[in-house]
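Here, residue 1 is the first one in the sequence, and each next residue gets the next number.
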Amino acid sequence: MSTPQELIARSNRLGSDPKNTNYAGGNTSAKGTETDPVTGEPVELLWVKGSGGDLGTLTESGLAVLRLDRMRALVDVYPGVEREDEMVAAFDYCLHGKGGAAPSIDTAMHGLVDAAHVDHLHPDSGIAIATAADGEQLTEKIFGDKVVWVPWRRPGFQLGLDIAEIKAKNPQAIGCILGGHGITAWGDTSDEAERNSLWIIDTAAAYIAEHSKAEPFGPALDGYAALPDAERRAKAAALAPTIRGIASADRPMVGHFTDSEVVLDFLASAEHPRLAELGTSCPDHFLRTKVKPLVLDLPASASVEESIARLKELAVTYREDYQAYYARHAVSTGSTNEWPAIRGKDPLIVLVPGVGMFSFGKDKQTARVAGEFYVNAINVMRGAEGLSTYAPIDESEKFRIEYWALEEAKLQRMPKPKPLATRVALVTGAASGIGKATAAKLAENGACVVIADLSLEKAQEAAAEIAGSLGVSTDVAVGVEVDVASADAVKAAVDAAVLAFGGVDLVVNNAGLSLSRSLLETTEKDWDLQHDVMAKGSFLVSQATARVMIEQELGGDIVYISSKNSIFAGPNNVAYGAAKADQAHQVRLLAAELGEHGIKVNGVNPDGVVQGSGIFASGWGANRAAVYGVEEKDLGKFYAQRTILKREVLPENIANAVFVLCTSDLSHTTGLHIPVDAGVAAAFLR
């Protein structure tokens, strides 16, 4: 008897191998019998991957569970292909028990096909056959009568009926190729279904490898070859802010950069402009990548300045073309079935010859997956062109799926974005203390964070810890090494940030250190070190990131973690206090200068933050304790007792202030310093 656990294991095996299907693509099912808890009678059930799930990480909670008798009865009330979307809502009336996940559009395929186990997958090799101009003939040639060709039909109830009929009429078949889309296979047991799926995938891949023409993308284009590694990534970093601005004209996006060999080889070949213009075919592909990418039509040797100018011209054309595409197909029917409003005219994939691919989405994972899907599309094009001619589904069909009412409903069900969603934050000195707490707060509220620290190892550990606390991976946080006193090191860190997430929107100048010494004891080296890290370092970081923000044209925030000591004159503190005062005035100067670009600059003035502080742990705490005549372990309590509120200040309190400064609630505030010191009257701002 089939079990959900057996289905989960098969799904995870198939979904974990990218040759079988793309992320969140495809679905699997199993049929079996369980006892109805109400009647005590046996009931036939269908377990099928629910809407939006991913096979590679599927768990039992991601399965929809339906009664087969009720689902099969839907055939008798099916109103026809013109109204087939209504059947998705009908699936809810077939659910068993608590039902599990929401049923997907492909549920009919799994329920109506007369097989205990069904797999529907999107393998590159299978889609290559499905999108070849002579795909039907190739299917027969490659697979004989074991695999049957199914002409393109939009996913839905009718496709389920079609495949069920094909299986009934072809008892020798183990599966089918779905024109323009993917593959479906079946079996009497879970193992048999899996074997049949893999046989179709591997047989198609082997045939392509053996029979493909030598140059499926045509000959190499002179001047379009990949640039050397260092030059390529430097150019990518230089172009990234412009490209992110282009992709975010309608709404802010997070970016991802890929310079894989697959992408670079495609862009170095003569046929890439034609193929890119044809767009993707599999519904999963173009829903993630839009129907086609924006392609820079300049050789790799073009300068950054030439490339930026041309990209901006092409962006205007792309938006005009997308508006025309929408207008061609979004013709009102005069009924309630009007198409949804245009969702945005910006590209989600931008291809730069010699450099690579920039992909975009509402968060880092979505951006990364969009890039993975376009790599799938390149592989599909290679296979189809190698055997035949790439012939994706018609543009009108793409539009029908992109603006499908069911797809729109799925988008409307998405959870409300967090306050800092789509924002990329760079926090210096973020491996400990205030910086780490701030990075964690920003990530918790939806930002992608770059943990910049003098120690790469500690930065990466902090990034992993923050990501782990949110149950995610590097899609949220990355660690980079930076010496903020070095202009070259700062530029390298900012370049790493824009290549990781597409750009920078929010900067926290937190890196600092202190040596508690009197005027007579302070050496020139002491003075230079503290000013290099805090005054000069903040200047260099602000300068490098402001360049990115200005080019993006998305506004931004720069926050300085200054100090009570920028206002208050305390003993044995001349170098630290002077450097902090420098930072405090940078806030005012930059707020006045950068406001025309929509960039807000504000500061936070902490005091007495002992817990988790790298500064206090490095000797500053012992020195301050000696100055005030208390034990070092009691320094936090001492600071608390001298405040108005009698509260110890923690790193999280500073993080909260930074967060508030960067939210829409303070969208009209710039040049402000917020004291977070539990109340020190001598440091009140006047």
Side-chain angles (χ1 to χ4, degrees), residues 25-27 29 31 46 48-53 64-96 99-114 118 120 130 149-169 176 178-182 184 281-284 286-287 291 325-343 393-414:
N27 27 71
S29 68
K31 300 179 182 74
L46 169 72
V48 59
K49 192 201 85 170
S51 178
V65 188
L66 301 91
R67 286 183 54 136
L68 271 174
D69 57 344
R70 296 183 65 83
M71 191 179 166
R72 288 167 176 158
L74 293 178
V75 175
D76 298 328
V77 297
Y78 175 49
V81 70
E82 294 303 318
R83 292 172 53 194
E84 69 171 335
D85 289 358
E86 298 172 20
M87 304 305 289
V88 175
F91 293 151
D92 290 343
Y93 295 95
C94 304
L95 296 174
H96 174 72
S104 77
I105 189 65
D106 287 317
T107 299
M109 179 194 305
H110 293 272
L112 301 179
V113 170
D114 185 19
V118 178
H120 168 59
W149 173 263
V150 180
W152 160 259
R153 183 183 289 281
R154 189 175 64 158
F157 203 84
Q158 187 61 54
L159 181 60
L161 287 171
D162 292 349
I163 297 176
E165 183 179 4
I166 283 170
K167 183 183 183 304
K169 290 182 176 179
C176 52
L178 282 60
H181 185 166
T184 296
S281 185
C282 176
D284 266 20
F286 59 77
L287 282 173
V291 289
Y325 155 77
Y326 181 84
R328 279 195 299 276
H329 304 293
V331 179
S332 173
T333 63
S335 69
T336 57
N337 295 323
E338 296 178 352
W339 296 107
I342 192 168
R343 296 198 192 100
I393 62 174
D394 186 74
E395 180 186 271
S396 63
E397 287 297 300
K398 293 180 184 181
F399 179 84
R400 288 183 68 214
I401 290 179
E402 186 178 359
Y403 285 92
W404 203 352
L406 295 175
E407 187 65 28
E408 182 70 13
K410 185 190 296 185
L411 293 173
Q412 295 302 322
R413 292 195 301 268
M414 297 292 287

Derivation and outcome, side-chain contact (heavy atoms from CB on, under 4.5 Å), residues Leu95 and Val65: CA-CA 6 Å; Leu95 296 174; Val65 188; over 6 Å; no

Worked verdict on Leu159 versus Glu84 for side-chain contact (heavy atoms from CB on, under 4.5 Å): CA-CA 10 Å; Leu159 181 60; Glu84 69 171 335; over 6 Å; no

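- The six-membered or imidazole ring of Trp339 lies near that of Phe399, with a centre-to-centre distance under 6.0 Å.
- The CH2 atom of Trp149 sits 11.0 Å away from atom CD1 of Ile166, with the distance rounded to the nearest 0.5 Å.
- Interatomic distance, His120 NE2 to His110 NE2, rounded to the nearest 0.5 Å: 7.0 Å.
- Arg154 contributes no side-chain N or O that, together with a main-chain N or O of Glu397, makes up a donor-acceptor pair within less than 3.5 Å.
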Residues Ser396, His329; criterion side-chain hydrogen bond (donor to acceptor under 3.5 Å, both in side chains); working and verdict: CA-CA 6 Å; Ser396 63; His329 304 293; 5.2 Å; no

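- One finds no salt bridge joining Lys398 and Glu395 here, because no Lys/Arg side-chain nitrogen approaches an Asp/Glu carboxylate oxygen to under 4.0 Å.
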Working for side-chain hydrogen bond (donor to acceptor under 3.5 Å, both in side chains), residues Asp106 and Ser104: CA-CA 5 Å; Asp106 287 317; Ser104 77; 4.8 Å; no

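- Rounding to the nearest 0.5 angstrom, the gap separating the OG atom in Ser29 from the CG atom in Asn27 is 8.0 Å.
- For the residue pair Gly180 and Pro283, the shortest heavy atom distance occurs at O-CD, 4.4 Å.
- Although no hydrogens or angles enter the test, the distance criterion places a donor-acceptor pair under 3.5 Å between the side chain of Lys49 and the main chain of Gly26.
- Closest approach of Ala108 and Gly156 over heavy atoms only: CB-O, 4.2 Å.
- Remark: side-chain polar atoms of Lys31 are not paired, donor with acceptor, to backbone N or O of Val118 under 3.5 angstrom.
- Contact of the Leu178 side chain with the Trp152 side chain is not registered, since no non-hydrogen atoms from C-beta on lie closer than 4.5 Å.
- One side chain, Trp404 or Asp85, offers a donor N or O that lies under 3.5 Å from an acceptor on the other.
- Salt-bridge formation is not detected for the pair Glu402/Arg343: no Lys NZ or Arg NE/NH1/NH2 atom is positioned less than 4.0 Å from an Asp or Glu carboxylate oxygen.
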Check against side-chain contact (heavy atoms from CB on, under 4.5 Å), Tyr78 and Gln158: CA-CA 9 Å; Tyr78 175 49; Gln158 187 61 54; 2.9 Å; yes

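- Taking NE2 of His96 as the start and CG of Leu46 as the end, the distance is 12.0 Å to the nearest 0.5 Å.
- The shortest heavy-atom contact between Glu86 and Pro79 is OE1-CG, 4.2 Å.
- Here the shortest heavy-atom pairing between Val75 and Phe157 reads N-CZ, 4.1 Å.
- With Ser281 contributing its side chain and Ile393 its backbone, the two residues share a donor-acceptor pair below 3.5 Å.
- Pairing each heavy atom of Pro103 with each of Ser51, the nearest pair is O-CB, 4.1 Å.
- Here Lys167 does not pair with Asp162 in a salt bridge; the nearest charged N to carboxylate O distance is not below 4.0 Å.
- Looking at heavy atoms from C-beta onward, Cys176 lies in side-chain contact with Ile163 at the 4.5 angstrom threshold.
- With a 4.5 Å cut-off on side-chain heavy atoms, Pro155 and Ile401 count as touching.
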From CA spacing to verdict: side-chain contact (heavy atoms from CB on, under 4.5 Å), Leu74, Tyr93: CA-CA 10 Å; Leu74 293 178; Tyr93 295 95; over 6 Å; no

